[in-house]
Amino acid sequence: MPQPPEQQAPPVQRLRIRYAKRGRLRFTSHRDFSRAFERAVFRARIPMAYSSGFNPHPRISYANAAPTGSASEAEYLEIALAQVVDPADVHAQLDEALPPGLDVLEVVVSAGGSLSDRLEASRWRIGTAVPLAEATAAVAAFLATESVPVSRMTKKGVREFDCRTPVVTFEAVLPDGAGEAGTPGSLVELDLLLRHTVPSVRPDDVLTGLKAVSGLDVGEAPRLTRLAQGPYDEETGLVGDPLEA
Amino acid sequence: MPAAAPASVFPRLEPKLPSVSKPIQYVGGELNSTVKEWDCGDATDEGVTVRWALMYPDAYEVGLPNQGVQILYEVLNERDWIVAERTYSVWPDMEAVLRAGDAQGPIPQFTVDAHRPVRAFDVFGLSFSTELGYTNMLTALDLAGIPLHAVDRTEDDPIVLAGGHAAFNPEPVADFLDAAVLGDGEEIVLAISDVVREWKQQGRPGNDALGLGPRDELLRRLAVSGGVYVPKFYDVDYLPDGQIAAVVPTLAGVPHRVRKHTLMDLDAWPYPAKPLVPLAETVHERFSVEIFRGCTRGCRFCQAGMITRPVRERSIETIGAMVENGIRKSGFEEVGLLSLSSADHTEIADVAKGLADRYEGSNVSLSLPSTRVDAFNINLANEFSRNGRRSGLTFAPEGGSERMRKVINKMVTEEDLIRTVAAAYSHGWRQVKLYFMCGLPTETDEDVLQIADLAKRVIAKGREVTGRNDIRCTVSIGGFVPKPHTPFQWASQLDHETTDERLRKLRELVRQDKKFARAIGFRYHDGKPGIVEGLLSRGDRRVGRIIEEVWRDGGRFDGWSEHFSFERWMAATERGLAGTGIDLDWLTTRERGYDEVLPWDHLDSGLDKDWLWADWEDALAVADGSSDVEVEDCRWTPCYDCGVCPEMNTEIQIGPTGQKLLPLSVV
């Protein structure tokens, strides 16, 4: 008779990790990433703490993953370990074990509390194919509107929600190295600061709303990159570092 | 003149990816994948690069884990003058996107490694595990811009080459192929590469003496080697009754029969050594080691067992080293020990114990994909599940009645089975899966209905030995399809109406008995796809028109029930065979005779046709009770004359080596 396996030892250390999804690997879905990450911790021989039960799993908590297809410089997760290790070693070992494009950026010992609770807002950069003047006018029109209803297909069917309220700042900017500001015809990026809400509003929802308000079409497949996410400071209007103690 | 390296199509693809399902399957970048310079051969003495696009003609999630493609990809890429990249079937949504294309026009079929267009390669190699991938080949050719018919191709098109088990009868796709190879691919892909390299180095010559253009000259050089089948160098003539009169080579030096390839010494070829690990979810999330090739059991229905002879084992030490290397390089914690009948490895008990010891206390788990019905397997399964998992055990009696099992030469008695499942249940398993076939030669309703009795006895025994009521047994049934190069290659295939009726009766019988109905799960497919598989398995060149008709009518992914359309196949068969005098029944449910020239007779699997015929007659004699002959297993008893070893100049390679796996030193 198989007995239920013995209880696994409780974790002795928790590490929080910031990682990036870059280039073509931005098409990795969250499920794909979590399988790849589980294989990576095994390959890297990280002394993971495992869940108890017949089918033990390494203890990994993911927080607020970016949608499939968007790149990110600021994805977060937490791992629980059975031994105390040097975060710098884990950083090097994990980065080696993950394919290029899924890159480990920071590994720190957890400061306690809930990681996902500290992720209150995100800063996004959206690559577009439209000239500055048009983009600036469209963004101004969007910001001047109080409520912009959009709908999107979710697992529960088509949901309608307001995409304006969570937008804190929204601005058309020239990409780095784009040359002299205001050069006619130069293409712009949209800088967007979005608070995390329920239901969650994604940057592509904002683009849908932008089009609804202004008629601006940012192109077939705008490139979305999350630059930062973390605690939101009402006073400064900035996104902080969620790994800070 | 060397052509410039073709541009990657990725920049054209990238803006389209957010609009297709599971875009990750098209981006490549898998762990352990290889991207080489297009002209990597420039730096070699010959100064020539040979380039292969390898395709598994099914969706990425099915194709990526395929061992055959992974092995050849690695073997080829190890040469500094060969580039090998992979491509898979794109889903219909992506097909529409590629056809719609962009400002530059349609986007071609591409490789996932460097996103190069498939048409730019020298060889386009397809691995066919099943005939149901044929329509997907046509999609890939068409998307690649390669003419569907071999005769229409030019110097700008790759050599379209088929391998895999289905290539043992490539006649239904002969019009679409430039070449086919039979058997193990490791050595022949290198031999083909050598021929292509030499021909390219010579400046791609034609052959004026024989009146051949450059492309046909390359094909001729491959054909005269004796190990590559080039269909267009053979003429097929038909008799008035529709049978084949003869298949004759049309070019000097091209052999009458083309031989299969057999890799000897598997220890010298420990691939995959760099297992591909995808980001996308696939059908096999594990690392697999092939512990031997070939099978000696002599099951008459089994094409794989017949065409992969003789049996060749990997040694326990190589298996141990491959497992350790594979899990470290891939990060998979599940290991499968692959073969046609893994429990038959001469040292399987030591392999199982050695691996279980090595990985004791870790989360590495082991599995055997196919198990024989005997108590020995329970011990093995115990070793394999030491770390606590008891999911389910699968046994394959294949035939429902004792008579049927004798006909197919699957020597398992009902008592064996009951004893085995009793052991399984008493060791803590709660679920047993039994696999059977329906439609075997000489089968009657009664043979199939006995499956119900067997399943009930299994449940009753399980309840008895455990004293529990939560015992389950799943009965899984597949339709039998007669395959080339087996003793059943002459058999009549059961029509789908009778198959469905038999399965309906069985289902009724299982449901009737309230004591057992809820403990027995019943899984089966209707008989229609089996008829199409049968048409493609034993078809001749006339079937090519049917495949093309189906494809033109939108047929794709025929192995997927949600895409398969029997009606489309039937309508296409009607149109495709018009004027030939033969029909679907002639190709599927008709029993063939001894004198008939079979479409694959010129393809040499090493099996002696007279031996196959004698074995077929034995099966029929066993069926009517006039004989009780049993074919022995040549792994344990001396050779039984199937013909492969003498014909192919090979021999069985088995242990025991007497070695044991030592504990791994801690890093």
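In what follows, chains are A, B, ... by sequence order, proteins preceding strands, each numbered from 1.
Closest approach of A280(B) to D32(A), counting heavy atoms only: CA-OD1, 3.7 Å.
Using a 4.5 Å cut-off between heavy atoms, S330(B) touches chain A through its backbone atoms (N, CA, C, O) alone. Only the backbone of A97(A) comes within contact range of chain B, judged by heavy atoms closer than 4.5 Å. Residue contact with chain B, scored on non-hydrogen atoms closer than 4.5 Å, involves the side chain of Y50(A) exclusively.
In this structure, CG in N363(B) is found 10.0 Å from CD in E38(A), a value given to the nearest 0.5 Å. Going from atom CD1 of I24(B) over to atom OG1 of T68(A) covers 9.0 Å, rounded to the nearest 0.5 Å. F27(A) contributes atom CZ, which lies 8.5 Å from atom CG of L13(B) (distance to the nearest 0.5 angstrom). The NZ atom of K22(B) sits 14.5 Å away from the OG1 atom of T28(A) when rounded to the nearest 0.5 Å.
With a 4.5 Å cut-off on side-chain heavy atoms, R43(A) and F332(B) do not count as touching. A 4.5 Å side-chain heavy-atom check between L98(A) and L31(B) finds every atom pair outside the cut-off. E281(B) has its side chain within reach of R35(A): a pair of non-hydrogen atoms, C-beta onward, lies under 4.5 Å apart.
In this structure a side-chain-to-backbone donor-acceptor pair under 3.5 Å is missing from R24(A) to G28(B).
Using a 4.0 Å cut-off between a side-chain N of Lys or Arg and a carboxylate O of Asp or Glu, R39(A) and E333(B) do not qualify as a salt bridge.
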